[in-house]
Number of protein chains: 2
Amino acid sequence: MISFPVNLDDSKECAKLLDEIDFVVVDCDGVLWLNMSLLPGCDRTINVLRKNGKKIIFATNNSSKSRQEMLKKLNDMGFNATIDEVMITSFALCVYLKQMNFSGKVYIFGNVNGGTRGIADELTAAGIECTGVGKDPMANDGDMFPNVTLDCDVKAVVVAYDNYISLPKLVKACTYARTVDPRFFIATNADESFPTPMKHLLIPGTGAFVAFVETASGRKPVTLGKPGTFFFECLKAIAPDINPQKTVMIGDRLNSDIAFGNNNGFRYTIHVQTGVDSLNDVKECIERGEKHLVPSHYINSIADLNKFIDG
Amino acid sequence: MISFPVNLDDSKECAKLLDEIDFVVVDCDGVLWLNMSLLPGCDRTINVLRKNGKKIIFATNNSSKSRQEMLKKLNDMGFNATIDEVMITSFALCVYLKQMNFSGKVYIFGNVNGGTRGIADELTAAGIECTGVGKDPMANDGDMFPNVTLDCDVKAVVVAYDNYISLPKLVKACTYARTVDPRFFIATNADESFPTPMKHLLIPGTGAFVAFVETASGRKPVTLGKPGTFFFECLKAIAPDINPQKTVMIGDRLNSDIAFGNNNGFRYTIHVQTGVDSLNDVKECIERGEKHLVPSHYINSIADLNKFIDG
């Protein structure tokens with residue numbers, strides 16, 4: 001029998017939880033903001049927790065920015081963050097490639113976001129050569145099959161969210177995924193969809209792009225983001241003293257954020273209702289007996305904690 | 001113990017097989033041609049079989065053409081085909097929608113091929129309204145998420161091979177796939193990759209596009225093409241006297257063509273080496289005990305039969 005999560009919108013429950021934790025690992029999209037819109041009051045929650053001595057880590061599966069650019073977004077949104085608080089999968093990719101002693105060029109199936117080049121900027125800063133970011137239209141418009149040119153220096157392919165998806169890019173990603181060393185067919189994350197303010201639309205997540213390349217190539221990628229354990233290795237790289245028994249994970253996705261907390265033995269996991277999954281999804285996980293997807297606590301928005309925390 | 005398939009490149013074996021069958025169901029891409037290139041001699045094989053009294057059915061999972069356009073391609077390539085010999089998934093889609101008494105508009109995630117509009121033409125000919133074919137670029141270039149406009153008349157979505165793939169089209173396909181009656185989230189086929197003459201490239205098949213929409217929407221489509229039994233219903237619609245015990249299936253894909261023959265109790269299945277799967281893939285299926293994927297016979301190309309059949 002799996003217990004239903006505790007409602008954290010209660011001063012006693014909140015005080016108890018905060019008393020027992022030192023580390024707050026918080027997802028971004030769907031928890032702190034939706035695309036470019038701050039979820040009101042969330043900046044205060046995080047800033048007050050930090051002021052009260054909690055160590056904050058912003059941990060996102062998103063790879064659309066470099067670590068520096070994510071810091072800028074956090075600061076612009078009102079979070080008094082510092083660079084050592086930021087963990088993003090574009091940076092996790094560098095940690096992974098360095099750890100595997102990678103040499104060669106990386107083909108990036110990934111996005112350009114208002115002038116920023118996310119993964120490409122992060123790889124370049126780490127001294128790793130890369131290619132692929134941006135538009136790549138068909139040479140002969142209307143071709144059934146694009147006859148693309150491959151780059152023989154490419155020894156790794158990373159699949160992320162790509163707003164310039166096109167058939168030539170997909171052919172490249174699939175061909176590289178089939179030919180590179182299997183350790184270097186990499187997915188930033190497996191999130192199936194994206195939390196956005198446009199509720200009537202289903203915005204596909206990186207997991208959908210990954211499923212495409214996986215199906216065509218017949219190969220499984222190494223996946224870097226939550227809920228995997230490698231992402232916890234990355235957190236330890238920036239917060240060596242992190243202790244799961246004194247850590248809470250806050251997120252909107254059950255199979256990503258909550259599973260990450262549970263898979264890594266975090267003391268608490270808090271589910272918020274401001275992103276992809278709802279409290280009804282939690283109920284369904286309980287009914288299906290999927291314990292690793294069930295949070296210890298839930299609350300509508302982390303901004304609801306503001307009434308219980310002094311600052 | 002699964003038997004290794006019999007080599008059909010042998011006059012006695014060939015005579016025995018031809019003696020026992022009345023119907024030849026033959027795949028097209030990878031068996032008769034690669035993209036626009038005829039596999040030499042295959043036209044003669046099929047034409048002579050027809051002359052010898054065998055009933056031919058060209059049965060393709062491809063949906064890039066209407067039935068009439070596929071007939072034109074067959075004729076242009078030298079196959080003396082007639083319209084009642086052609087079964088293509090764009091036509092199977094119409095059979096399916098009529099059978100389900102569908103009313104409403106169909107959103108097509110599918111291709112435009114040198115001026116032909118495949119599924120759209122077939123649906124229009126059948127009196128079914130549709131939308132979606134062609135280009136659909138992002139309104140604001142560089143947006144992370146396209147804010148697309150939905151068509152509230154859309155009550156079905158079909159996912160096929162699309163050479164104009166773009167993020168707005170994918171958002172529409174995923175959103176419709178989540179909202180329409182589950183019977184009307186339709187995939188033309190599940191082929192993972194495409195046989196082409198460009199051997200150094202991996203060209204993703206419709207199955208990869210389907211995996212994308214399936215992952216984002218969390219829904220499974222109704223799949224029309226081989227290896228499913230509905231496709232055999234379609235064959236019966238154009239050849240009511242087809243008798244599986246007197247039928248041979250010829251194809252290059254094990255999980256599509258050969259599985260189709262086996263799933264529907266065809267007397268014989270012939271695997272050719274001119275398309276996606278190799279004889280080594282057959283060996284691996286035998287080792288894994290996947291009996292439904294193992295053909296009764298194999299041959300390099302059906303043109304190799306020319307030396308055994310009179311015409």
Side-chain angles (χ1 to χ4, degrees), chain A residues 35-36 62 64 111-116 134-135 137-138 141-150 161-179 190-194 196-198 200-218, chain B residues 35-36 62 64 111-115 134-135 137-138 140-150 161-179 190-194 196-198 200-218:
Chain A
N35 197 9
M36 293 309 291
N62 198 321
S64 68
N111 73 321
V112 178
N113 184 16
T116 75
K135 291 184 202 178
M138 282 191 279
D141 198 39
D143 276 0
M144 270 284 275
F145 311 116
N147 191 2
V148 305
T149 306
L150 298 175
Y161 186 88
D162 197 319
N163 50 347
Y164 287 128
I165 189 169
S166 71
L167 201 50
K169 295 184 87 164
L170 284 166
V171 168
K172 287 180 189 173
C174 293
T175 304
Y176 291 133
R178 190 182 54 176
T179 51
D191 296 3
E192 295 88 353
S193 59
F194 225 101
T196 77
M198 300 176 285
H200 65 300
L201 297 179
L202 176 55
I203 306 290
T206 298
F209 295 84
V210 174
F212 186 106
V213 179
E214 213 177 303
T215 300
S217 69
Chain B
N35 197 10
M36 295 309 288
N62 198 321
S64 68
N111 72 319
V112 178
N113 184 16
K135 292 183 202 180
M138 282 190 281
N140 295 309
D141 198 41
D143 275 1
M144 269 285 275
F145 311 115
N147 191 2
V148 306
T149 305
L150 299 175
Y161 186 87
D162 197 318
N163 49 348
Y164 287 127
I165 189 168
S166 71
L167 201 51
K169 294 184 88 165
L170 284 165
V171 169
K172 286 180 189 173
C174 292
T175 304
Y176 291 132
R178 190 182 54 176
T179 50
D191 297 2
E192 295 89 351
S193 60
F194 224 101
T196 77
M198 299 176 286
H200 65 299
L201 297 179
L202 176 55
I203 305 291
T206 298
F209 296 84
V210 174
F212 186 107
V213 180
E214 214 179 302
T215 300
S217 69

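Because the structure is a prediction, the values reported are computed rather than measured. So that the names make sense, note that chain A is the first sequence line, chain B the second, and so on, each numbered from 1. Reckoned from all heavy atoms, side chains included, excluding hydrogens, waters and symmetry mates.
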Review point. Would a 4.5 Å heavy-atom cut-off, applied to side chains only, mark A/Y176 and A/S217 as touching?
Key: no
Exercise for review: Pick whichever of B/N147, B/N111, B/T196 has the most heavy-atom pairs under 4.5 Å with chain A.
Suggested key: B/N147
Review point. Looking at B/N35, B/L201, B/I203, which one has more heavy-atom pairs under 4.5 Å with chain A than the rest?
Key: B/L201
Practice item. Nearest 0.5 Å please: distance from the CG atom of B/N163 over to the CE atom of A/M138. Key: 4.5 Å
Check your understanding: Just by modelled atom types, is the B/L202 backbone N or O under 3.5 Å from a matching donor or acceptor in the A/T175 side chain?
Key -> yes
**Study point:** Reported OH-to-CZ distance for the pair A/Y161 and A/F194, which is rounded to 0.5 angstrom
**Key:** 6.5 Å
Check your understanding: What residue in B/V210, B/D191, B/L167 has the most heavy-atom pairs under 4.5 Å with chain A?
Key -> B/L167
Revision key, fill the gap. Bottom line for A/M144: the part with an atom under 4.5 Å from chain B's heavy atoms is both
Practice item. Check each atom of A/S64 against the heavy atoms of chain B and say whether the ones under 4.5 Å are side chain, backbone, both or neither. Key: side chain
Review point. Between A/V213 and chain B, which part of the residue has a heavy atom less than 4.5 Å away: side chain, backbone, both or neither?
Key: neither
Exercise for review: Without swapping roles, check the side chain of A/T215 against the backbone of B/E192 for a donor-acceptor pair under 3.5 Å.
Suggested key: no
Study note, to complete from the structure: Comparing A/Y164, A/F209, A/F145 against chain B, the one with the most heavy-atom pairs below 4.5 Å turns out to be A/F145
Review point. Pick one: which of B/K135, B/K169, B/K172 meets salt bridge (Lys or Arg N to Asp or Glu O under 4.0 Å) with B/D162?
Key: B/K169
